[in-house]
Amino acid sequence: MSGAGTVTFAGYAAVFDVVDRAGDVMRRGAFSGAGLVPLLWQHRGVAVGSLSVVAEDARGLRVEGVVADLELAGLVRSGAVAGLSVGYRALRVRQGVRRELLAVDLVEVSLVAVPMQALARVEVIP
């Protein structure tokens, strides 16, 4: 539940089997064992809120959390910021026509203005 000025959100920080703007493809199981990580803005700085759920499902890496930074919360609430992105270290990669990410060490999830993967979006703001 959102407090005064904060906003609660859910969405996908990564979607499986979809080519991103860099030509990479995240595969099912890549985030296996991932736990809670910081929520950042544009992959930089200090945390702008917190995540309560970070879990793979059939579609991708689903996240739920709260944006505590009041200015950013307002932008998310209005729909002006709706992108999500993952910061990771590649652990296992298969190189073919595309670089397939088979296992990664999730470092952070970020709200972003332009996501690397077009379907990585904030989808629900209860």
Side-chain angles (χ1 to χ4, degrees):
M1 185 167 199
S2 297
T6 65
V7 65
T8 301
F9 73 96
Y12 284 88
V15 177
F16 298 135
D17 306 324
V18 175
V19 179
D20 70 17
R21 292 184 305 131
D24 293 342
V25 179
M26 197 65 71
R27 296 296 187 201
R28 283 174 180 76
F31 298 101
S32 181
L36 295 179
V37 293
L39 176 66
L40 303 180
W41 166 240
Q42 300 279 88
H43 300 291
R44 292 189 287 276
V46 298
V48 294
S50 62
L51 297 172
S52 56
V53 173
V54 175
E56 280 194 11
D57 65 15
R59 183 169 182 219
L61 185 67
R62 181 159 174 79
V63 297
E64 296 177 19
V66 174
V67 181
D69 178 281
L70 300 184
E71 184 177 347
L72 186 55
L75 293 170
V76 171
R77 186 180 297 104
S78 72
V81 170
L84 287 167
S85 185
V86 290
Y88 62 87
R89 286 183 206 84
L91 299 176
R92 226 178 46 193
V93 173
R94 180 169 50 221
Q95 188 65 53
V97 175
R98 305 273 183 217
R99 184 173 86 140
E100 297 177 64
L101 297 154
L102 306 176
V104 301
D105 176 22
L106 183 65
V107 176
E108 51 88 8
V109 170
S110 282
L111 289 155
V112 294
V114 180
M116 184 66 75
Q117 193 178 66
L119 299 177
R121 313 289 290 176
V122 170
E123 294 184 342
V124 178
I125 303 172

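Residue numbers count from 1 along this sequence.
Closest approach of Leu51 to Pro38, counting heavy atoms only: CD1-O, 4.4 Å. The nearest pair of heavy atoms linking Ala13 to Val109 is CB-CG1, 3.9 Å. Closest heavy-atom contact between Pro115 and Leu84: CB-O, 3.4 Å. Across all their heavy atoms, Val25 and Val19 have their closest contact at CG2-CG2, 3.6 Å. The shortest non-hydrogen separation linking Val18 to Gln117 is O-NE2, 3.3 Å. The two atoms that bring Arg27 and Leu102 nearest to each other are CG-CD2, 3.8 Å, heavy atoms only.
With hydrophobic clusters built from ILVMFWY side chains whose heavy atoms lie under 4.5 angstrom apart, Val112 does not share a cluster with Val81. By the criterion of side-chain heavy atoms lying less than 4.5 angstrom apart, applied directly or through intervening Ile, Leu, Val, Met, Phe, Trp or Tyr residues, Leu40 is not grouped with Val63; the two fall into different hydrophobic clusters. Cluster membership for Val48 and Val122, using ILVMFWY side-chain heavy atoms within less than 4.5 angstrom, is shared.
With respect to the salt-bridge test (charged N to carboxylate O, under 4.0 angstrom), the residues Arg62 and Glu64 qualify.
In this structure, CG in Leu111 is found 10.0 Å from NE2 in His43, a value given to the nearest 0.5 Å. Interatomic distance, CD of Glu108 versus CG of Leu36, reported as 14.0 Å (0.5 Å rounding). Atoms CG and CZ, from Leu61 and Phe31 in turn, are 5.0 Å apart once rounded to the nearest 0.5 Å. A distance of 4.5 Å separates CZ of Phe9 from CG of Leu39, quoted to the nearest 0.5 Å.
Using a 4.5 Å heavy-atom cutoff, the side chains of Tyr12 and Leu119 are not in contact. You'll find the side chain of Leu101 reaches within 4.5 Å of the side chain of Val93, heavy atoms only. In this structure, Val37 and Val107 have side chains that are not in contact, with every pair of non-hydrogen atoms separated by 4.5 Å or more. Looking at Met26 and Tyr88, their side chains come closer than 4.5 Å, going by heavy atoms from C-beta outward. Taking 4.5 Å as the limit, every side-chain heavy atom of Val86 sits out of range of all side-chain heavy atoms of Val104.
Arg28 places no side-chain N or O within 3.5 Å of a backbone atom of Asp17 that could act as its donor or acceptor partner. A donor-acceptor pair under 3.5 Å is formed between the side chain of Arg77 and the backbone N or O of Thr6.
Atom CD of Gln95 has more than 12 neighbouring heavy atoms from other residues, nucleotides or ligands inside a 6.0 Å radius. Residue Arg21 places its CZ atom among more than 12 non-hydrogen atoms of other residues, nucleotides or ligands, all under 6.0 Å distant.
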